[in-house]
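Taking it in order: structure first as structure tokens, then the write-up.
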Amino acid sequence: ENLKDFIHELKGLNNIESLLEDKLGVEKVIVVPGDVEQDPMIKKELGKSAANYLKNIINDDSIIALTGGSTVLEVAKGMPQLYSKSNIVVVPARGGLGKEVEKQANTIASILAKKLGGTYKMLHVPDNLGKEAVKSLIKEPDIRDVVETLKRADILIFGIGRSDVMAERRNLPQDIRDFLMRENATSEALGYYFDKEGKVVYATPSIFLTLEDLKFVKNLIAVSGGKSKAEAIVSTCRSSNVQVLVTDEGAAFEILKIV
Ligand code: G3H
């Protein structure tokens, strides 16, 4: 840990963090050295760093909501076993994401819950469902229970993706991809696609935690790194009241070029 602090200091990352806090209007920015796109170990460091922050804000009875993706997965994996808190519930903010079960919010929720000695809920709703199907699903008692818990979350930990990459990963129909291109969609987070200014250009029908709901979440924590994600990170930070951003040096320097 001391060595990590030393490297952080040496690289001047403290200054970068405060600069980013100012420029992005985010309360706290944490930057880990390196770039997740250059070295997979850095994603683990990013995860550990976010887990470390998370650990200190969890209370008894906390409800932690989270999204899927490889970065949030590393947060759950990087969380040490915690015994000091009781009655923690972990709940997925999104349903399934294509075929990658390992990186689905459901899977990550179960991993994190075990680390925290808490319980988890599951949300089994495919990403590509139509609006009508979602509307009728939400009437199901099991799903309604999860959604109600979700809306009471005091912590939300979420990933940020590039709009083009996520549209492909989610296998969105061509007409929607064309639409996203025309509207200059830049980032995706929580099922929303945002443009450079942070304006919503498209919302996936299977969204249960809405932008409106986010206003009531006490701790909004975004975890996302990699040089190529810089624009996406800025776009999502502009879209909502992100309080904490955990990122890497690769993204941080690139962000400073555009803000
Ligand atoms: O919504 C964005 C994705 O969850 C980001 O996924 O962390 O695997 O790049 P990733």
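Predicted model, so just to flag it, every value in this text is computed and none were measured. Note that ligands are numbered from 1 as they come in the structure, with each ligand's atoms numbered from 1 the same way. Just so you know, residue 1 is the first one in the sequence shown, and it goes up from there.
In this structure, a donor-acceptor pair under 3.5 Å is present between the side chains of Asp213 and Thr210.
Heavy-atom proximity to Gly69, at under 4.0 Å, picks out these atoms of ligand 1: 4 (O), 6 (O), 8 (O). Residue contact check: Gly159 has heavy atoms under 4.0 Å from atoms 1 (O), 2 (C) of ligand 1. Within ligand 1, counting atoms from 1 as listed, the ones closer than 4.0 Å to a heavy atom of Ser70 are 7 (O), 8 (O), 10 (P). If you number the atoms of ligand 1 from 1 as listed, the ones under 4.0 Å from a heavy atom of Gly68 come out as 4 (O).
Of the polar atoms of Met166, none of the N or O atoms is found under 3.5 Å from an N or O of ligand 1, judged by distance alone. Residue-to-ligand polar distances keep Arg170 apart from ligand 1: every N/O pair is separated by 3.5 Å or more. Of the polar atoms of Thr67, none of the N or O atoms is found under 3.5 Å from an N or O of ligand 1, judged by distance alone.
Asp35 is not listed as a side-chain neighbour of Ile42, based on a closest heavy-atom distance of 4.5 Å or more. You'll find the side chain of Lys43 stays beyond 4.5 Å of the side chain of Val32, heavy atoms only.
Ligand 1 has Lys229 within reach: a non-hydrogen atom of the residue lies less than 4.0 Å from it.
Panel note: side chain Thr186, backbone Asn184; a donor-acceptor pair is recorded below 3.5 Å.
For Glu148 and Lys151, the salt-bridge test fails: no basic side-chain N is under 4.0 Å from an acidic carboxylate O.
Tyr202 is linked by a ring pair (Phe, Tyr, Trp, His ring centres under 6.0 Å) to Tyr193, counting only residues two or more places apart in sequence or in another chain.
Applying the salt bridge (Lys or Arg N to Asp or Glu O under 4.0 Å) test to pairs two or more places apart or on separate chains, those with a residue in residues 9-28 are Lys11-Glu249.
When non-hydrogen atoms are compared, ligand 1 lies under 4.0 Å from the side chain of Arg169 (C-beta onward) but not from its backbone.
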